[in-house]
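Computation of the quantities below employed the complete heavy-atom set of this structure, encompassing side-chain atoms and omitting hydrogens, waters and symmetry-equivalent molecules.
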Amino acid sequence: MAENDPGFYDFTTIERKWQDFWQKNQTFAAKNHSDKPKYYILDMFPYPSGDGLHVGHPEGYTASDIVSRYKRMNGYNVLHPMGYDAFGLPAEQYAVEHGVHPRETTAKNIANIEKQIKMFGFSYDWSRRLATTDVDYYCWTQWIFLKMFNSWFDPSVKAARPISELIHKLESGEYLVSPFDEIIYDEVHGINALSGEPIGCLKYDELEPDRQREIIDNQRLAYMAEVPVNWCPKLGTVLANEEVTNEGRSDRGNHPVFRRALKQWMLRITAYAERLLEDIEKVNWPESIKIMQRNWIGKSTGAEVSFAVDGCEEFIEVYTTRPDTLFGATYMVLAPEHPLVDQLVTAEQKSAVEEYVSQTARKSELERTAETKDKTGVFTGGYAINPVNEERIPIWVADYVMMGYGTGAIMAVPAHDTRDFEFAEKFGLPIIEVVQPPEGIDWRGYVDDGIAVNSGKFDGLSTAEFKQQITEWLEENDLGRAAVNYKLRDWLFSRQRYWGEPFPIVHCEKCGVVSLNEDQLPLELPEMDDFSPASSDDPDSPPSPPLGKLTDWVKTSCPNCKGAAKRELNTMPQWAGSCWYYLRYMDNGNSSEFVNSDIEKYWMAPSEANPCGGVDLYIGGAEHAVLHLLYARFWHKVLFDLGYVSTVEPFGKLFNQGMIRSFAYRDKRGVCIGYADVDLSGDKPRHKETGEELAETVEKMSKSLKNVVNPNEIISEYGADTFRLYEMFMGPLDASKPWNTRDVPGVQRFLQKAWRMIVGADGKVSEAITDCEPDDASLRLLHKTIKKVRDDIEAMAFNTAISQMMIFVNEFLRLKQRSRSAIEIFVKLLSPFAPHIAEELWQRLGHTESVAYEPWPSYKPELTQDPEVELAVQVNGKIKDKITVAANSDEESIRQKALNSIKILAETDGKEILKVIVIKNRLVNIVAK
RNA sequence: GCCGAAGUGGCGGAAUUGGCAGACGCGCGGGAUUCAAAAUCCCGUCCUGGCAACAGGGUGAGGGUUCGAUUCCCUCCUUCGGCACCA
């Protein structure tokens with residue numbers, strides 16, 4: 001059919017027409033109050049990069065759109081929003097490189113990506129659009145930050161409470177302060193169990209105001225601390241652990257990163273480690289993501305043990321998960337940054353230790369990881385006393401022990417710990433067996449459970465029993481106690497960059513770190529021309545945030561004492577804005593609250609399908625498995641504790657789409673060849689010009705591999721409906737799969753067949769469409785299709801739903817008389833997948849309303865099955881014949897029919913029939929000898 | 001090294017979760033229509049042998065459980081994703 005034919009499937013015109021229609025009629029606007037059941041379905045919003053959309057984005061968006069449209073047709077009030085995560089390094093890097101303001105590039109990129117997103121016909125409620133860079137958005141990001149700054153984690157209730165409560169309890173004397181400025185909230189924590197000496201508790205109101213302030217500041221959920229950070233001098237900023245690659249370079253730009261102590265903003269996510277771990281059980285997420293989060297939190301149980309230092313008053317605290325190996329501890333190791341290193345070192349070892357400590361401090365992450373194979377360390381000259389046997393054991397310094405985990409010191413048990421074993425071998429330290437492995441396994445380096453030996457009165461105990469008894473013994477003797485540790489660290493929350501949310505904080509000489517009042521928000525990101533950070537190759541270069549250049553802006557007054565003060569110069573990291581965007585969508589126009597509480601309760605409410613509450617379905621890539629999803633959960637829990645949200649978890653159900661990769665072609669020199677130069681017509685891929693055979697691999701799309709597929713090109717050639725259908729037809733949503741443009745015409749052919757099934761050559765409804773009743777076979781096919789499409793959407797198995805619709809079309813196209821009612825049902829089934837063509841067909845079939853809110857078709861179960869079924873008849877597991885019986889026939893009649901089949905009689909002739917297995921509607925298996 | 005996911009035709013994938021392996025689509029071969037082509041339609045297409053009926057083999061490899069295994073269990077191999085001196 002030619003393009004100017006009236007019956008031609010003109011997808012370009014049709015798609016534009018219906019996108020305009022939906023926009024004009026606000027078809028997909030969601031109401032914040034409704035009698036309908038609600039369904040909140042969320043996509044991970046994109047970062048608007050200059051490259052625009054790639055084919056991976058619309059994969060998840062199409063899936064969520066299908067579910068959204070399906071839910072609407074099932075009578076749900078659906079919230080399906082879209083927005084942009086627009087602060088962050090890439091935009092700023094691009095702006096610096098091109099000399100344009102990030103506000104401009106961001107606006108341009110958003111406009112571009114939004115235009116692209118709208119080409120797909122997704123049913124977003126565009127009135128809820130937001131960008132994290134909007135002032136009326138980040139105003140509330142700052143507001144949430146203030147909530148964290150003005151809260152502390154009360155261990156007695158395991159929840160965030162306003163800091164004013166803490167001050168009140170301290171002032172009233174209910175809570176006391178330890179000499180180490182820790183809060184003492186009950187008797188257990190008032191006794192220093194480790195040194196065995198009762199310690200004096202201080203009364204808060206007897207302390208100096210500066211000390212009081214320090215104590216309070218140290219309890220805030222958002223606090224400043226001098227911490228070892230990943231400093232990237234080239235980017236002029238610190239980076240979170242997660243922004244540093246395995247090779248010790250920056251995720252952005254691949255620049256070297258160094259360890260360095262700097263005073264930074266931190267968020268106390270570690271306080272929530274246990275709740276983040278516990279509540280992961282409540283959500284309906286892929287098990288693999290849950291495991292990743294559990295590993296990231298990294299809970300372990302063991303004991304803290306106190307080792308006395310020989311000849312000095314100090315104690316070394318260690319954390320171990322294997323207190324049962326205490327008798328095998330033959331030396332100790334301190335992290336180079338450990339505060340006791342200076343005190344323990346003897347005169348003759350002083351220079352060697354100092355040299356080692358300063359060397360490790362200088363090492364970049366790259367150097368430290370590169371040396372993992374070879375252990376290094378230096379003897380301090382000092383000795384500790386092993387509390388279980390009074391042995392005198394040497395204390396070493398080594399960088400295989402890190403300050404950030406446990407206590408920064410370990411007891412080394414070389415016989416039963418791989419790292420200690422390597423270290424002891426290298427430095428000739430004693431190795432003593434204390435765990436006996438099963439027969440035949442060498443005890444040297446044996447790290448699993450076994451039977452205790454060389455452990456005094458504990459000999460013969462199993463590892464588990466030993467752990468329990470020794471922990472009790474340590475507690476009784478004030479030498480230690482049971483302890484829990486987490487790998488999770490507090491979240492480094494500040495960046496020395498321009499393009500981020502400014503901290504609503506001032507530094508006052510008199511009052512210290514002071515937050516702005518809520519009515520002073522938003523603190524707008526000031527305009528500036530030269531926003532580039534100080535870039536350097538020197539690891540010791542001082543951080544100088546761009547905002548520091550705005551001397552007038554920096555000077556301000558203290559909200560507290562009204563005296564002179566300076567503004568905080570750091571900005572928040574990119575993750576900040578994405579921590580709560582799902583809340584803002586619900587009520588994005590609200591200028592007096594971040595979200596209205598009734599509206600929040602409506603959309604986040606638990607339901608039968610989502611007992612945990614929160615977003616009903618969140619679809620996005622697995623690359624956010626830990627960071628974004630953990631950070632957002634943390635913020636949500638803080639907001640929950642403070643009473644601002646109604647659920648403990650933000651995302652009740654999560655689904656990860658798989659990565660779309662594509663074929664890459666290389667010639668024999670390994671040079672990547674673009675698709676334009678690859679000839680696929682033969683049995684092997686060849687170079688179009690040289691004819692050289694090319695190697696084919698499936699890889700992540702990247703410019704360097706020349707295997708990037710641009711969605712715009714696919715849409716202009718085949719249409720958005722085809723694009724959507726192709727991405728869903730490729731395979732299961734959660735699987736990683738290769739894009740293959742050659743397959744795209746196949747799904748377009750299906751849409752063309754569907755079109756021809758309904759539209760005649762004259763552009764009117766085909767003459768084959770009549771008001772006749774469908775024949776029995778077509779009726780059954782229709783009901784099978786309704787059931788299959790419904791079940792498959794519920795199971796997010798869109799590929800097989802599409803297969804079923806293809807079968808339907810192939811069959812119905814053959815029919816001379818096509819029942820209008822059956823055809824209309826088909827159009828409804830198709831509409832979530834290919835909404836433009838469905839609307840057009842629906843209209844041509846004579847309807848004046850959009851198909852988007854038509855009720856979803858229902859099926860009769862009895863019509864989803866054929867009246868007769870063919871069963872395979874096996875003899876000893878091999879198919880020998882087939883029989884046809886009525887559906888749901890009873891076993892006995894099937895058995896008789898099978899045994900009496902001529903082929904089976906011949907097959908079993910002369911054999912003894914031992915057993916006949918009949919599986920209803922499936923098969924018969926005859927066991928014969 | 002540790003954790004996780006996955007290996008099925010020439011390709012993407014399907015298989016009611018233990019019951020006829022290869023649905024659907026691509027590609028390829030043959031035919032119809034056409035002056036010819038595009039488009040469309042029909043037939044064929046897991047491998048081996050055979051003109052054929054048919055026979056044998058077959059879901060990464062090897063073993064096991066079972067009347068019966070792509071599906072469950074053990075060992076190994078490969079690919080992808082994550083973590084990585086976490087005491």
Side-chain angles (χ1 to χ4, degrees), chain A residues 1-2 246 286-292 294-296 298-300 302 318-322 325 333 368-369 371-373 375 398-402 404-413 417-420 422-423 485-489 622-623 625-626 656 658-659 661 663 680-681 683-684 696-700 725-726 729-732 734-747 749-750 752-753 756 788 791 797 799-807 810 813-814 870-879 882 914-928:
Chain A
M1 200 169 294
N246 280 348
E287 197 53 38
S288 59
I289 302 291
K290 289 185 175 187
I291 289 168
M292 276 194 238
R294 285 191 204 107
N295 291 345
W296 194 263
K299 181 179 183 175
S300 71
V318 304
Y319 171 73
T320 177
T321 56
R322 294 294 300 270
T325 61
V333 184
R368 260 184 125 157
T369 37
E371 286 167 18
T372 51
K373 284 176 196 95
K375 296 268 180 298
D399 68 357
Y400 83 90
V401 172
M402 289 165 303
Y405 183 78
T407 60
I410 62 156
M411 61 174 213
V413 184
D417 180 280
T418 314
R419 297 149 302 185
D420 298 343
E422 283 170 11
F423 191 83
N485 247 294
Y486 302 91
K487 286 192 216 171
L488 186 70
R489 315 288 170 82
E623 65 271 24
V626 274
N656 288 121
M659 198 191 305
R661 302 188 298 166
F663 294 103
L680 292 166
S681 59
D683 54 340
K684 294 265 167 62
E696 184 188 83
T697 52
V698 173
E699 315 213 30
K700 264 185 203 175
L725 222 39
Y726 172 66
F729 187 62
M730 287 170 80
D734 54 358
S736 149
K737 39 208 177 257
W739 178 280
N740 192 351
T741 303
R742 278 212 294 187
D743 290 341
V744 175
V747 290
R749 221 164 299 174
F750 158 64
Q752 269 160 350
K753 285 185 196 173
R756 272 206 314 281
K788 178 92 177 134
D791 291 353
N799 53 332
T800 46
I802 294 166
S803 297
Q804 184 64 33
M805 290 190 282
M806 286 174 168
I807 294 169
N810 287 342
L813 211 46
R814 269 190 260 271
E870 192 183 55
L871 306 186
V873 184
Q874 301 178 328
V875 176
N876 294 331
K878 297 205 172 192
I879 295 164
K882 303 224 166 159
L914 300 173
K915 207 172 176 183
V916 179
I917 294 129
V918 178
I919 309 294
K920 255 190 174 181
N921 297 335
R922 294 264 165 250
L923 55 60
V924 181
N925 190 11
I926 297 160
V927 187

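Within 4.0 Å (heavy atoms only), A:Ile410 reaches at least one base atom of the nucleic acid. Note on A:Pro745: nothing from the nucleic acid sits closer than 4.0 angstrom, heavy atoms only. Here A:Arg489 lies in heavy-atom contact (under 4.0 Å) with a base. In this structure, A:Leu923 reaches the bases: a heavy-atom distance under 4.0 Å links it to at least one base atom across the strands shown. At a threshold of 4.0 angstrom between heavy atoms, the contacts of A:Lys737 are confined to the sugar-phosphate backbone, with no base atom among them. When heavy atoms are screened at a 4.0 angstrom cut-off, A:Ile919 is found touching base atoms of the nucleic acid. Among the atoms of the strands shown, only primed sugar atoms or phosphate atoms (P, OP1, OP2) are found under 4.0 Å from some heavy atom of A:Asn810. In this structure, A:Lys788 reaches neither bases nor backbone, as no heavy-atom distance under 4.0 Å exists between it and the strands shown. Here A:Asn485 lies out of heavy-atom contact (under 4.0 Å) with every strand. Among the atoms of the strands shown, only primed sugar atoms or phosphate atoms (P, OP1, OP2) are found under 4.0 Å from some heavy atom of A:Asn295. In this structure, A:Glu623 reaches neither bases nor backbone, as no heavy-atom distance under 4.0 Å exists between it and the strands shown.
A:Asn876 places a side-chain N or O within 3.5 Å of a backbone atom of A:Ala928 that can act as its donor or acceptor partner.
Relative orientation of the A:Phe423 and A:Tyr400 rings is tilted, given thresholds of 30° and 60° on the angle between their planes.
For the P atoms, the distance from B:rG82 to B:rC76 is 25 Å, rounded to whole Å.
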Response to the item:
Output field dot_bracket for RNA chain B (Watson-Crick or G-U, both distances under 3.5 Å, | for other-strand pairs) contains (((((((..(((......[....)))((((((.......))))))((((....))))..(((((..]....))))))))))))....
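The nearest heavy atom of RNA chain B to A:Glu696 and to A:Lys878 marks one nucleotide each, and the one closer to the 5' end goes with A:Glu696.
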